[in-house]
Amino acid sequence: MNTLIDRHGRKHTYLRISVTDRCNLRCAYCMPEEEMIWKRREEILSFEEIIRIAGVAVSMGVEKIRVTGGEPLVRSDIEDLLARLRAIPGLRSLALTTNAVLLKRKLPAIRASVDTINISLDTFSPERFRELTRRDALADVLEGIDAAIDAGFASIKLNAVILRGLNDDELLDFVNYAADRPIAVRFIEFMPFAGNAWNERHCVTMGEMLGRIEERFLLERIPDGPSPISRDYHVTDRQSGRRHAGTVGVIASMSQPFCDSCSRLRLTAEGKVMPCLHSPLEFDLRSILRSGGDDAAVAGLFLRALDAKPKEHPSAGELLEQSGRVMIQIGG
Ligand code: SAM
Ligand code: SF4
């Protein structure tokens, strides 16, 4: 039975766990420009602590866990953590979000544990990639994507944050990338977080993105699942009449938020439960665990976090005034 129901009747079945605040890239929209102060090892939850929390969450109704970060593949022995999470009785699906820089190398060790994978990539240009991420690693990412396709995951999603003047001219390149690849390309509206220099001028809304794609491609809406976060479409090229192997979608967190059907809870790398990505509310599970709290105390904290979960997130303007965490410290 699911006991993770908030005041607004939303059932929570999905836990996103950040396993590190570190990353091998420096995406400008995710990390602040000034030097980051990384958490010390002892501040970050141990594998034992993560497994214990995840076990309690699954016993309360969580069916899907996503491992994210920072970059999850930089955490040492991540393959052991993924295997232990996958073995939790009752868990239906284990997902991973990665920038794919280390994916090809890590795939043999993680493939058996991970059901679905989300990969982030914002450009196909090596120079732009270097500018956006401050690292020269596009070739590794592209090899990682193809290795993931060869590995036959149940689902592969390719997420691109679209920024006007930076990569919005590549929208159609992304759609074409999925012409022969069985992947779901999803464009993400740029979201404001502390220190990410968000500016309305850089935002491209879902309406504009779909309009630009439809000039070249026919889009056929795919019916939403139970807690949709993206609007997804089958794609047919208007000129050749060819239907793409992959699909395209938009995550419109800003212009059309999906708060009504939100089923997610987040756990930060240092053990804070966050009921909403865009709310500064956080609840400290690490201190409960480290002061000898039992599973009932862990469950109680999840319920407190849910009780405080806002009905919806504030507008972009209000978010800008709020001094919350930077994205990399929340876990995307
Ligand atoms: N390092 C991994 C990666 O990049 O996939 C996982 C963590 S990252 C924080 C998760 C996702 O958050 C990425 O797809 C990234 O593009 C997205 N993200 C980060 N900052 C964002 C922002 N300001 N607006 C929209 N999406 C953002
Ligand atoms: Fe790292 Fe992912 Fe943030 Fe880029 S989006 S800096 S890859 S955590």
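First listed ligand is number 1; within each ligand, the first listed atom is number 1. The structure presented is a predicted model; accordingly, all values stated were derived computationally and were not measured.
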### Query
So is Asn118 polar-close to ligand 1, meaning N/O to N/O under 3.5 Å?
no
### Nearest-0.5 Å distance, CZ of residue Arg10 to CD1 of residue Ile5
12.0 Å
### Query
Counting heavy atoms only, which part of Cys23 comes closer than 4.0 Å to ligand 2: side chain, backbone, both or neither?
side chain
### Message
Does the structure place the NZ or CZ of Arg111 under 6.0 Å from the centre of the six-membered ring of Phe153, at an angle of no more than 45° from the ring's axis?
### Response
yes
### Query
Taking both backbone and side-chain atoms of Tyr29, is any N or O found less than 3.5 Å from an N or O belonging to ligand 1?
yes
### Summary
Heavy-atom proximity to atom 3 (Fe) of ligand 2 ranks first, among Pro72, Ala28, Ser18, Cys30, for Cys30
### Task
Examine Phe190 against ligand 1 and note whether any of their N/O atoms are separated by less than 3.5 Å.
no
### Query
Would you say Gly70 touches ligand 2, if touching means a heavy atom closer than 4.0 Å?
yes
### Leu25 neighbourhood, listing ligand 2 atoms whose heavy-atom distance to it stays under 4.0 Å
6 (S), 7 (S)
### Query
If you measure from the Lys or Arg side-chain nitrogens to the Asp or Glu carboxylate oxygens, is any gap between Arg7 and Asp307 under 4.0 Å?
yes
### Task
Please indicate whether any nitrogen or oxygen in Thr68 is less than 3.5 Å from any nitrogen or oxygen in ligand 1.
no
### Query
Which of the numbered atoms in ligand 1 are below 4.0 angstrom from a heavy atom of Glu71?
1 (N), 2 (C)
### Query
Measuring from Leu171:CG to Phe187:CZ, what's the distance to the nearest 0.5 Å?
5.0 Å
### Task
Output the distance between atom CG (Leu265) and atom NZ (Lys309), rounded to the nearest 0.5 Å.
5.5 Å
### Message
Is it true that Glu71 and Thr98 share a donor-acceptor pair across their side chains at a distance under 3.5 Å?
### Response
yes
### Message
Does ligand 1 come near enough to Cys23 that some N or O of the ligand is less than 3.5 Å from an N or O of the residue?
### Response
no
### Query
Is the shortest distance from a Lys or Arg side-chain nitrogen in Glu48 or Arg52 to a carboxylate oxygen in the other one below 4.0 Å?
no
### Task
Mind checking whether Thr98 contacts ligand 1 via backbone (N, CA, C, O), side chain (CB onward), both or neither, at a 4.0 Å heavy-atom cut-off?
backbone
### Query
Hey, does the side chain of Arg75 reach the backbone of Val19 with a donor-acceptor pair shorter than 3.5 angstrom?
yes
### Task
Could you tell me if any non-hydrogen atom of Ser253 lies under 4.0 Å from any atom of ligand 1?
no
